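If you're wondering where the values come from, they're calculated on a predicted model, not measured in any experiment.
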Amino acid sequence: MKKKLKLKGYVLPVLYVTLFTGAFFVTLAASTSFKNKITGNNINDDSQEESVKEVIKEDDTTGNNSGNMIAPYTDSSVTVGRDYYDYKGNIESQKNSIVYYNDTYMQNSGIDYVSSNAFDVLNVLPGTVLEVKDDENLGKTVSIKHDNNLVSNYESLSEVSVKKGDVIDKGIVIGKSGTNKIDSALGNHLHFELYDGGSLVDPKLYIGKDVNISKGE
């Protein structure tokens, strides 16, 4: 377990100035391992932005086509509270994609969708429910396996309406948004992650796109 460092208030301004130096990128990589230890998640999170652009066909952003991934919600009050951490992004966007928990900085591994009220959480693609659990730090969570080696994770749920082994279509309500310990500052929200071939990817690169294209085409 990574040794934790208690930070005093006057230290934080200095941290913000040095947050995105080369040394801090190394710290962030270690912090990601720290989160994996907390959650028990051993899936590789190497970036795949370049391969994503090669295998995902641009299409309408509504996700209405049969092969298109939809957003995990339809409630119009939902907004993005914290974005996926893009190591190629600008400093400001990276700073807004950092999670601070238990005296540790971590790269955000997905997108956090927030709303003042609990909202329905939808399955983004047809698939099979791999796991349903109640995590001490992440709240109720659901993992769903889809075609083309895609797996979607839904965390910080207050309710779950599916069970392990269920085969479900996209657009099916799998639960409701809620809260968790790691992202408590966000209040009511959904933490949504997407894995392609076992590696974390930016969900924005897939939502509204046709994912039924074989790799290499």
Side-chain angles (χ1 to χ4, degrees), residues 2 7 12-13 15-21 24-25 27-39 41 43 45-49 52 61 69-122 124 135-143 151-158 174-196 199-208:
K2 181 180 174 68
L7 301 176
L12 291 178
L15 284 177
Y16 282 121
V17 174
T18 60
L19 189 61
F20 296 100
T21 63
F24 188 65
F25 278 107
T27 302
L28 287 177
S31 297
T32 301
S33 296
F34 173 79
K35 182 180 179 183
N36 288 341
K37 290 179 181 179
I38 292 176
T39 63
N41 185 356
I43 299 178
D45 65 350
D46 292 337
S47 174
Q48 288 193 336
E49 278 98 340
V52 166
T61 58
M69 178 182 291
I70 64 172
Y73 66 91
T74 55
D75 192 319
S76 60
S77 69
V78 175
T79 59
V80 174
R82 185 183 291 122
D83 216 334
Y84 174 85
Y85 184 92
D86 180 3
Y87 78 98
K88 293 182 179 179
N90 60 56
I91 291 179
E92 189 63 26
S93 66
Q94 289 176 336
K95 185 174 71 174
N96 293 330
S97 301
I98 294 295
V99 181
Y100 181 69
Y101 174 70
N102 206 17
D103 293 338
T104 303
Y105 289 99
M106 297 176 284
Q107 300 160 309
N108 196 29
S109 54
I111 298 178
D112 294 302
Y113 296 105
V114 303
S115 177
S116 58
N117 300 312
F119 55 89
D120 287 341
V121 174
L122 311 180
V124 297
D135 187 276
E136 179 182 356
N137 296 292
L138 300 175
K140 298 181 188 303
T141 70
V142 175
S143 296
V151 174
S152 56
N153 282 351
Y154 311 78
E155 300 173 357
S156 190
L157 303 178
S158 60
I174 63 172
K176 285 188 175 294
S177 59
T179 60
N180 66 36
K181 289 184 179 180
I182 291 181
D183 295 306
S184 60
L186 293 176
N188 175 68
H189 72 286
L190 162 70
H191 178 77
F192 177 66
E193 296 177 347
L194 187 66
Y195 294 84
D196 187 345
S199 296
L200 277 167
V201 292
D202 187 348
K204 292 196 308 296
L205 299 178
Y206 289 72
I207 293 174

| said: How long is the straight-line distance from NZ of Lys176 back to CG of Leu157, given to the nearest 0.5 Å? | reply: 11.0 Å
| query | Do the side chains of Ser156 and Asp183 get nearer than 4.5 Å, heavy atoms only? | reply | no
| message | Is the shortest side-chain heavy-atom distance between Asp135 and Glu155 below 4.5 Å? | response | no
| query | Does some side-chain heavy atom of Asp83 sit less than 4.5 Å from a side-chain heavy atom of Asn96? | reply | no
| remark: Output for pair (Ile207 CD1, Leu194 CG), nearest 0.5 Å, gives 8.0 Å
| request: Could you tell me which residues satisfy ring-ring contact (aromatic ring centres under 6.0 Å, His included) with Tyr73, sequence neighbours excluded, listed by chain and number? | output: Tyr113
| request: Tell me, please, which residues at least two apart from Lys181 pass salt bridge (charged side-chain N to carboxylate O under 4.0 Å, His left out). | output: Glu136
| Side chains of Leu138 and Ile182 in contact at under 4.5 Å (non-hydrogen atoms) | yes
| request: Report the distance from atom CG of Asn137 to atom CG of Asn180, rounding to the nearest 0.5 Å. | output: 8.0 Å
| Out of curiosity, Met69 CE to Leu205 CG, how far, rounded to the nearest 0.5 Å? | 10.5 Å
| request: Could you tell me which residues satisfy side-chain hydrogen bond (donor to acceptor under 3.5 Å, both in side chains) with Ser177, sequence neighbours excluded, listed by chain and number? | output: Asn188
| query | Only one of Asn117, Val121, Leu122 forms a side chain to side chain contact (heavy atoms under 4.5 Å, CB included) with Phe119, so which one is it? | reply | Val121
| query | What residues, two or more places apart in sequence or in another chain, satisfy side chain to side chain contact (heavy atoms under 4.5 Å, CB included) together with Ser77? | reply | Asp75, Ser115
| Is there a side-chain contact between Asp202 and Ile111 (heavy atoms, below 4.5 Å)? | yes
| field | Heavy-atom side-chain contact between Tyr85 and Leu200 under 4.5 Å | value | no
| Minimum heavy-atom distance between Tyr206 and Asp196, given as atom pair plus value | OH-OD2, 2.6 Å
| query | Are Phe192 and Val124 side-chain neighbours, meaning at least one heavy-atom pair lies under 4.5 Å? | reply | yes
| query | Side-chain contact, heavy-atom cut-off 4.5 Å: His191 with Asn153? | reply | no
